[in-house]
Amino acid sequence: MAPLRDFIILLIVCGSFFTQGEAVCGYESCHATKPNMVNIHLVPHSHDDVGWLKTVDQYFYGHKNNIQHAGVQYIIDTVISELIKNPDRRFIQVETSFFSKWWSEQSETAKEIVKKLVNEGRLQFTNGAWSMNDEAAVNYQSVIDQFSVGLKFLDDTFGVCGRPKVGWQIDPFGHSREQASLYAQMGYDAEFFSRMDHNDKGRRMNDRALEMVWDASESLDIKLFTGLLYTFYWDTPGFCFDVHCSDDPIIDGDSYDNNVQSRVDAFIAYAAEVVEKFRTNHIMIPMGGDFHYEDAEVNFKNMDKLIKYVNERQSSGSRYNIIYSTPACYLNSVHQSVQSYPNKTQDFFPYGSNTNSFWTGYFSSRPTQKRFERDGNHILQVAKELSVFADLNSEEQKEKLNYLRQIMGVMQHHDAITGTEKQAVSDDYDRLLCDAIVGGHSVARDALRKVTPLPTGEFQSCLNLNISECAFTKDNADNLVVTLYNPLAHTTKQYVRLPVKNENYQVTDDKGRVVASELVPVSQQIIDLEFRETDTQYELVFKATVDKIANYYVKKVESRNAAQPIKAVKSVSGETREDGETVVQTSTIKLTIDNNSGLLKTVEMNGVSENIEQTFGIYKTYDSGAYLFRQYNQEGATFLDSGVEFTVYEGSQVKEIHQVFNEYLSQVIRLYEGKNTVEFEWLVGPLPRDETYGTEVITVFSSEIESNGVFYTDANGRELLKRRKDQREDFTSELAVQPTAGNYYPITSRIALQDSKKRLAILNDRAQGGSSMKDGQIELMLHRRLVRDDGLGVDEVLNEEKYGQPLIARGKVFLVLNSAEESTSAEREWEKEHHLPLYKFFSKNSGSTSSPAKSVPSFEDFPKSVHLLTLEPFNDKEVLLRVENFMDQTEGRVVSFNIRPLFDYLNGAEIRETTLDGNLPLSDMKRLKFHTEGSGVRGSEPEYYTSAHTPLEVDASHEDSDFAVTLTPMQIRTFIVKTN
Ligand SMILES: *[C@@H]1O[C@H](CO)[C@@H](O)[C@H](O)[C@H]1NC(C)=O
Ligand SMILES: *[C@@H]1O[C@H](CO)[C@@H](O)[C@H](O)[C@H]1NC(C)=O
Ligand SMILES: [Zn+2]
């Protein structure tokens, strides 16, 4: 099949294609509509998953069609050929990862043709991010990044006509308020999706409320028009004209089978049904599905006919007008119609597709993949910042950094970070991310050689420190340099742990001062892991203080001056139990462990004391799957609440309680001197599984806090949303069949509850599902091993194996107990530290040092609540800077600071402010404004938003005071610094 090439030849021969009228893209390129008719906007599209049943490349190339018939390269090929044939036709291209790969294989002539289609609004990029990201498990930083990558490709390739105007999140399984907020901050006019809780949708159908104005932030004044597709994103029932479908084509010839009459009747009947549910005389009808348009002629030929015959009826009085359109053109018509819409203030989690199907399992599916994605973000941010400081600009370095950006874009896809892909595809994501991380490490190493005194340092990293494994320290940690990189703006104090043998070490800092350190035994369950490629049984622990970069030197010494291994001070197992409690404390936190149960009993910190029992629980489930968490007969979890063996280790800096719950569940509870949080490092697996029941493991914290059914969960690591058990914002959910699954929410960074006196917050290290099923109680799902598929397409049981055995996962959660009157700002700071902790690089200490070739700036003069969200190379001689006030309106205030010092450090020539994604000058942003019902301000003319503040735009000749930046709570501002 080479239709595009044929067409190109034809066009060049005829010379006709390039001589048509002047280019207009955007809303001006939309087809005219008819004011007194029902305007049907037919939206041709293809939903192309960036991996799911097949890998990304298998989808692109049409490989392994026995698994699923799908080949994205052919889709784009044939769509372009079909668009050329008829200037009325439209198509939206959504996933930029696929498009950019296709583009890189095109001839110059083909590229010119595509540019013309884009410039005339015939091919419209929609959404435009690298992938169509999930909205539950993703962190906002990675969403912003993956939009920036996609939109930058489109901007570099097509300029302003390539810029998408609407969000198109048609497949993700629930929708987050933060995503809507980010869309608005990127200048998008609206968002459309197609999955909503069935009870919510039912109500909205009746109220003509499928479209709404989303109040997308509590701290920021941000609104986004949001629409639910009437049926789903698939074609109108009966009108799928794709080679994958078998609906009747439109037969208009001289044939006994001529069906024009009946087909047009049926289509108009459907349109009549749809228009009833919307507020204007415009309706959007998507025409497409998963990997549709592989032979696009079939689709377009039939749509041409459908349009022709539906419109022909107007001459005999029909009031239906049908046009080729796009989501943006539909939106523009709706905007021109000046209506008002209900508002929406919460989010669209959880997604229940029926009373027995809540899509809350994927919040936790594939726990180690969800963690690995966070590791990818960690090195990405480190490599970006370091590339700027060291001014790296070789092609190879740029490519490696770009590859890591792109693979992180792939990981955000709604079948990647969600864990809803087949095992072989998950393995492929692992492979891609691993390669990309190795590239990121190499970029970081190149930079570190320039910005540290170690021009020949190895700067190796260890990805398995979570099981205390590190090739670099395995045999010998003598004469080692640990280089710590802090991706955050402010100086941080964190404890560093290195896997070592039982030997004596001394740690010194950059200035040669001895730093207190101690040797802590690794838990027996970690030592016993068969796949652990090391026999080290201790970790050397010391506290590091790091502004941006610091080096710590480790050397082996005689035992007299050095750290001694911490010995167990107490060990309680089956036979030796006595009543009473064991106290473990630092200068700021006191814990007690119940001697009998072996469980945590009380926590005292921040002047508050509370009975908090922590344990694990198990849901035995029958037909849960990768997507669904589905309880069996409304049964709750069984808690492991007795007979826990524990051993206490008390050092001067770290205290640990090693607990063993059963053969597959163990944990270390850890306190560090001076750190105001309790760490729980869990180890879960291999999970048992019988023929009948799956095993889903939770960690549970039970307190006596009178939370009264209310708890708080974060949206993508940013704002908190208030949840009320068994309730939804504006509809009634039927929860009788799935009382727990229907109360699960995505926890990307934090879940909390409180009463008038006390507040308990639990923070995590990867996305998980969680809830509060009883007052004072918080649960998080850690791991799942299932026996059945949930019938939603993946067609495989979630039963992960690694190293030839059921998956073992390790991770951390953190507890913060505080007075309810205290600000929650400390939780915010923890969130940042957990998301972007110190990155550890290891080198041999060769003894030779030289002064660094490049300096690293300090960001200490940024106000405390300002996060260095992004600092990265943009175009040549351009750097992107993104700063965020990460406190919300209850925690923080408006802050101002000056970025002239940073500008000068970067050798800046000028600076301009852009939309959140970095690609559109903020002064050019103009968003469509829609009104909410009852707001009383509905005018008769369409209205717009522009930037609420004056965009910063200055050059080096300006006064220092012109470089002042103000951030309101939760505000993010993005700048491009052009450098000399
Ligand atoms: C949203 O609608 C509710 C109910 O009509 C109303 O109480 C609330 O003030 C509205 N919020 C906004 C921001 O318009
Ligand atoms: C440790 O972390 C790596 C990288 O995220 C991950 O691949 C691995 O599965 C983790 N191991 C465990 C036991 O969780
Ligand atoms: Zn999808």
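In listed order, ligands and their atoms are each counted from 1.
- Aromatic ring centres of H441 and Y839 lie closer together than 6.0 Å.
- Tested against F193, the residues F173, F348, Y351, F232 include a single ring pair (Phe, Tyr, Trp, His ring centres under 6.0 Å) partner, F348.
- Nearest protein neighbour of atom 10 (C) of ligand 2, counting heavy atoms only, is N466 ND2, 2.5 Å.
- For D49, the nearest N, O or S atom to the Zn ion (ligand 3) falls under 2.8 Å.
- Counting the atoms of ligand 2 from 1 in the order shown, those under 4.0 Å from a heavy atom of L463 are 2 (O), 3 (C), 4 (C).
- Within the coordination shell of the Zn ion (ligand 3), defined by N, O or S atoms under 2.8 Å, H47 is present.
- The Zn ion (ligand 3) lies under 2.8 Å from an N, O or S atom belonging to D171.
- Ring geometry for Y803 versus F531: interplanar angle under 30°, hence parallel rather than tilted (30 to 60°).
- Ring geometry, F661 versus F616: the interplanar angle exceeds 60°, so the pair is classed perpendicular (tilted spans 30 to 60°).
- Here the side chains of K474 and P499 are not in contact, with every heavy-atom distance at 4.5 Å or above.
- Counting protein heavy atoms only, atom 14 (O) of ligand 2 is closest to R810 N, 2.8 Å.
- For ligand 2, the atoms sitting less than 4.0 Å from at least one non-hydrogen atom of I467 are 13 (C), numbered in the order shown with element in parentheses.
- The protein atom (non-hydrogen) at minimum distance from atom 4 (C) of ligand 2 is D375 OD2, 3.1 Å.
- Closest to atom 13 (C) of ligand 2 among all protein heavy atoms lies I808 O, 3.4 Å.
- Counting atoms of ligand 2 from 1 in the listed order, those under 4.0 Å from a heavy atom of N464 are 1 (C), 2 (O), 3 (C).
- To the nearest 0.5 angstrom, W102 atom CH2 is 13.0 Å from T96 atom OG1.
- Looking at residues two or more places apart in sequence or on another chain, you find no salt bridge (Lys or Arg N to Asp or Glu O under 4.0 Å) involving E458.
- From the protein, the heavy atom lying nearest to atom 7 (O) of ligand 2 is K802 NZ, 3.9 Å.
- One distance of note links CG of L488 with CD of Q381; it measures 10.5 Å at 0.5 Å rounding.
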